[in-house]
Amino acid sequence: MPEPIDFYFDFSSPYGYLAAEKIEQVVAPFGRDLRWRPILLGAAFKQTGSAPLVSQPLKADYAINDLKRMARFQETPFVVPDPFPIATVRAARGFYWLDDQDPAAAVAFAKAIYRAYFAEGRNVSEPDVVDGIAAALGHDAEAFAAGVTSPEIKDRLRQEVDASLARGVFGSPFVIVDGEAFWGADRFWMIKRWLKSGGW
């Protein structure tokens, strides 16, 4: 059996959000497992000397327009949230805490976090917002809050971020298919072709 397809993303990444809304549709026809892996792009930015697009001269206005255009194209609700970008440590830790118990529940949580931020403009850097989203999905709020602050989950996220850097992950979304890396929400057409043909 082939290895799962790895889908790396940061919860503050708008392109990651757009990818998260479509990635399952891309992979499903090929019968491949998909492994969702939230990361923290700040670590990659430190290594590459980069920064979020919206903070870069000349690129910022283009990026905002492109995001709105791409969201319209794929018929996905989108708002430019304020504040943006934000720290998403609690959301990422929450994902891995849930993933250890129920991977499907973790994916549902990831989608809910993304939609709260990029479709509703809610600040998912705030603990109460993150915990409230988990509770709305049926998870025990106290257990969730304890889980995301546990040393084990803090270590888990650090390990995931370090492992992503070791694999060359520098952006969001970042998809790895059988060792082949694809960066960007606009590479789904290529991923489909790769999965269909086995590469070229």
Side-chain angles (χ1 to χ4, degrees), residues 4-41 44 51-56 59-88 90-92 94-95 98-99 103-126 129-130 132-134 136-138 164 169-177 181-196:
I5 294 168
D6 286 314
F7 171 45
Y8 290 95
F9 58 94
D10 185 311
F11 282 116
S12 70
S13 164
Y15 287 109
Y17 160 64
L18 295 175
E21 290 290 310
K22 298 297 182 181
I23 185 71
E24 290 171 323
Q25 296 175 28
V26 172
V27 172
F30 302 97
R32 297 288 297 270
D33 290 335
L34 180 66
R35 189 160 47 195
W36 293 55
R37 308 188 86 153
I39 55 169
L40 304 175
L41 277 181
L53 283 173
V54 294
S55 66
Q56 297 181 39
K59 292 184 178 180
D61 290 343
Y62 173 84
I64 294 298
N65 183 66
D66 183 59
L67 286 162
K68 292 177 179 178
R69 178 177 59 200
M70 189 168 180
R72 292 194 305 270
F73 177 75
Q74 70 176 48
E75 299 180 342
T76 298
F78 177 77
V79 298
V80 179
D82 184 22
F84 172 66
I86 56 172
T88 57
R90 194 177 187 90
F95 175 94
L98 291 169
D99 188 57
V107 170
F109 172 77
K111 292 177 182 177
I113 289 287
Y114 257 145
R115 291 167 184 167
Y117 190 43
F118 287 111
E120 302 168 13
R122 298 166 63 193
N123 186 348
V124 296
S125 69
E126 297 178 354
V129 174
V130 175
I133 290 169
L137 292 171
S164 73
V169 176
F170 57 83
S172 170
F174 204 98
V175 180
I176 299 180
V177 183
F182 299 88
W183 172 44
D186 58 350
R187 287 296 182 263
F188 281 0
W189 67 270
M190 191 178 290
I191 292 172
K192 289 180 182 178
R193 179 74 174 271
W194 192 271
L195 288 168
K196 183 177 181 179

Would Tyr17 and Thr76 count as a side chain to side chain contact (heavy atoms under 4.5 Å, CB included) if you check the C-alpha gap in whole Å, the side-chain angles of each, and the deciding distance to 0.1 Å? CA-CA 10 Å; Tyr17 160 64; Thr76 298; 3.1 Å; yes

For Phe95 and Ala110, the nearest pair of non-hydrogen atoms, with its separation, is CD1-CB, 3.9 Å

Crowding at NZ, Lys22 (>12 non-hydrogen neighbours, <6.0 Å): yes

Distance in Å, Ile5 CD1 paired with Asp33 CG, rounded so as to fall on 0.5 Å steps: 8.5 Å

To the nearest 0.5 Å, what is the distance between OH (Tyr117) and CZ (Phe78)? 9.5 Å

For a quick test of reading the model, state the closest non-hydrogen atom pair linking Gly16 to Phe7 and the distance between them. O-CZ, 4.0 Å

Side-chain contact, heavy-atom cut-off 4.5 Å: Ile23 with Trp36? yes

For residues 181-188, which side-chain N or O atoms pair as donor and acceptor with protein atoms under 3.5 Å away, sequence neighbours left out?
none

Would Val80 and Lys68 satisfy side chain to side chain contact (heavy atoms under 4.5 Å, CB included), going step by step from the backbone distance to the final call? CA-CA 8 Å; Val80 179; Lys68 292 177 179 178; 3.9 Å; yes

Nearest-0.5 Å distance, CZ of residue Phe174 to CG of residue Leu41: 11.0 Å

Of the non-hydrogen atoms in Leu137 and Phe109, which two are nearest, and what is the gap between them? CD1-CA, 3.5 Å

According to the interplanar angle, ranging from 0 to 90°, do the rings of Phe9 and Phe11 count as parallel (below 30°), tilted (30 to 60°) or perpendicular (above 60°)? perpendicular

Kindly indicate whether the side chain of Val169, heavy atoms from C-beta on, has any atom under 4.5 Å from the side chain of Ile176. yes

Minimum heavy-atom separation for Val79 and Pro81, please, with both atom names. O-CD, 3.1 Å

Please enumerate all residues that pass side chain to side chain contact (heavy atoms under 4.5 Å, CB included) together with Arg69, with sequence neighbours excluded. Tyr62, Asn65, Asp66, Arg72

Side chain proximity check, Leu18 to Leu67, heavy atoms < 4.5 angstrom: yes

Give, for atom CD1 of Ile113 and atom OG of Ser12, the distance between the pair rounded to the nearest 0.5 Å. 12.0 Å

Once you round to the nearest 0.5 Å, how far does CZ of Arg90 lie from CD1 of Ile133? 11.5 Å

With distance as the sole test, does Asp10 use its side chain to make a donor-acceptor pair with the main-chain N or O of Ser172 at under 3.5 Å? no

Pair Trp194-Phe30, side chain to side chain contact (heavy atoms under 4.5 Å, CB included): steps then yes or no: CA-CA 11 Å; Trp194 192 271; Phe30 302 97; over 6 Å; no

Mind checking whether Pro83 and Asn123 have side chains closer than 4.5 Å, heavy atoms only? yes

How far apart are the closest heavy atoms of Tyr15 and Ala63, and which atoms are they? OH-O, 3.9 Å

Output for pair (Glu24 CD, Lys111 NZ), nearest 0.5 Å, gives 3.5 Å

Checking Arg115 now: which residues fulfil salt bridge (Lys or Arg N to Asp or Glu O under 4.0 Å) with it, not counting sequence neighbours? Glu21

Looking at every heavy atom in both Val124 and Ala116, which two are closest together, and how far apart are they? CG1-CB, 4.0 Å

